[in-house]
2 protein chains.
Amino acid sequence: MTAVTIQCCAPIAREPLSETDAAELAVMLKAVADPVRLRLLSMIGSHAGGEACVCDLTDAFDLTAPTISHHLKVLRTAGLIDGERRGTWVYYRIIPEAVNKLGALFAPLTEPASSRPGELELTPA
Amino acid sequence: MTAVTIQCCAPIAREPLSETDAAELAVMLKAVADPVRLRLLSMIGSHAGGEACVCDLTDAFDLTAPTISHHLKVLRTAGLIDGERRGTWVYYRIIPEAVNKLGALFAPLTEPASSRPGELELTPA
DNA sequence: CTCCTGTTTAGACGTTTTTCGAAGTAGTAC
DNA sequence: GTACTACTTCGAAAAACGTCTAAACAGGAG
């Protein structure tokens, strides 16, 4: 599930976003536009091994487990993370293509993308 | 007004975001996490001359003028755009540093922050 | 099997957001 | 001055959101 287009749009200042692209990007941005989810994403992404257990994440907040679970679901539905159960615990990992898509959206127009070394290797699937 | 820290954070996957940084970034992301505001930002940024009149923007939507005005205010409060009245019309323009900040947040981890030239002069509070 | 821990789902409640119509402010033209 | 246009502010209604508690589900241990 969670079918998300990996690459769709030029940087925001290159040309006006279409209604469709804007709607799709807004879903992803809305997922990230919350302090708790931002921190969750950052914790998962920066965790050793590239993945983090829900149990690790829950302890870092003053929130109940269901609330954390809800936020993780929002991130997962938006296509930003993916989760997998291994035995007792569930591990989440970032989906880099999705994050790169956001990075590309806000990339500066000043220098052509070519001058940034390995900016994005992602070509649309 | 609209005092916004220009640079505060490493890419999201480098290290866990602090509670403070996450809260601050979430404000900016929330401003951008709406289809209408995304399109407004894109229209302003890609408009010839780097600025757009509210009258141009309003016509592109099926929304009333007060609603567009509200969205523009949200973007302005978040520090993403700036507006100026010249005679009869009000013109808005993007604040590139703010957009770059978002781009940096979602940038891939390939190069260490030190290799980006004089990105910014402000250190976090 | 039962019990315990980790995680998700369901439902409820208060807060925030999006939108509108109506009224207010800023500026030009007459 | 009045009249007209451009834009913003105000106040209200509906929808979406974040959080909780309670209950369900998944898996390991006894």
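Protein chains get the first letters and strands the later ones, always in sequence-line order, with residue 1 at the start of each.
For the pair B:R86 and B:Y91, the cation-pi criterion (under 6.0 Å, within 45° of the ring axis) is fulfilled. The cationic group of B:R76 does not satisfy the cation-pi geometry with B:Y92, failing either the under 6.0 Å distance to the six-membered ring centre or the 45° limit from the ring axis.
Side-chain atoms of A:L102 and A:M28, non-hydrogen and from C-beta on, do get closer than 4.5 Å to each other. At least one side-chain heavy atom of B:D34 sits under 4.5 Å from a side-chain heavy atom of B:H71.
B:F61 comes within contact range of no nucleotide atom at all, as no heavy-atom separation falls under 4.0 Å. Note on B:R37: only backbone sugar-phosphate atoms sit closer than 4.0 angstrom, heavy atoms only; bases stay farther off.
Atoms CG and SG, on A:D59 and A:C53 in that order, are 9.0 Å from each other to the nearest 0.5 Å.
One can place CG of A:D59 at 11 Å from C1' of C:dG6, the figure rounded to the nearest angstrom. Taking atom CG on B:D34 and atom P on D:dA16, their separation rounds to 13 Å, with Å as the unit. Rounded to whole angstrom, the span from the NZ atom of A:K30 across to the C1' atom of D:dA15 amounts to 11 Å. When the P atom of C:dT8 is taken as reference, atom OH of A:Y91 falls 13 Å away, rounded to whole Å. A straight line from CH2 of A:W89 to C1' of D:dC25 spans 17 Å, rounded to a whole angstrom. Residue A:E84 contributes atom CD, which lies 13 Å from atom P of C:dT8 at whole-angstrom precision. We find that CG of A:L57 is positioned 9 Å from P of C:dT7, with the value rounded to whole Å. Spacing between atom CZ of B:R86 and atom P of D:dA6 amounts to 17 Å, rounded to whole angstrom units.
Within the structure, every side-chain polar atom (N or O) of B:Y92 is placed at least 4.0 Å from both OP1 and OP2 of D:dC7. Between B:H71 and the phosphate of C:dT17, there is no side-chain N or O to OP1/OP2 separation shorter than 4.0 Å. Phosphate contact (OP1/OP2 of D:dT8, side-chain N/O of B:K73, threshold under 4.0 Å): absent.
Taking only side-chain atoms of B:V36, from C-beta outward, the nucleotide of C:dT7, C:dT19, D:dT8 with the closest atom is C:dT19.
Closest of all the heavy-atom pairs between B:A31 and B:A78 is CB-CB, 3.5 Å. Shortest non-hydrogen contact noted between B:D56 and B:H47 is OD2-NE2, 3.8 Å.
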- Along nucleotides 20-30 of chain C, 5' to 3', which nucleotides get a B, which get an S, and which get a -, given that the test is a protein heavy-atom distance under 4.0 Å? BBB---BSS--
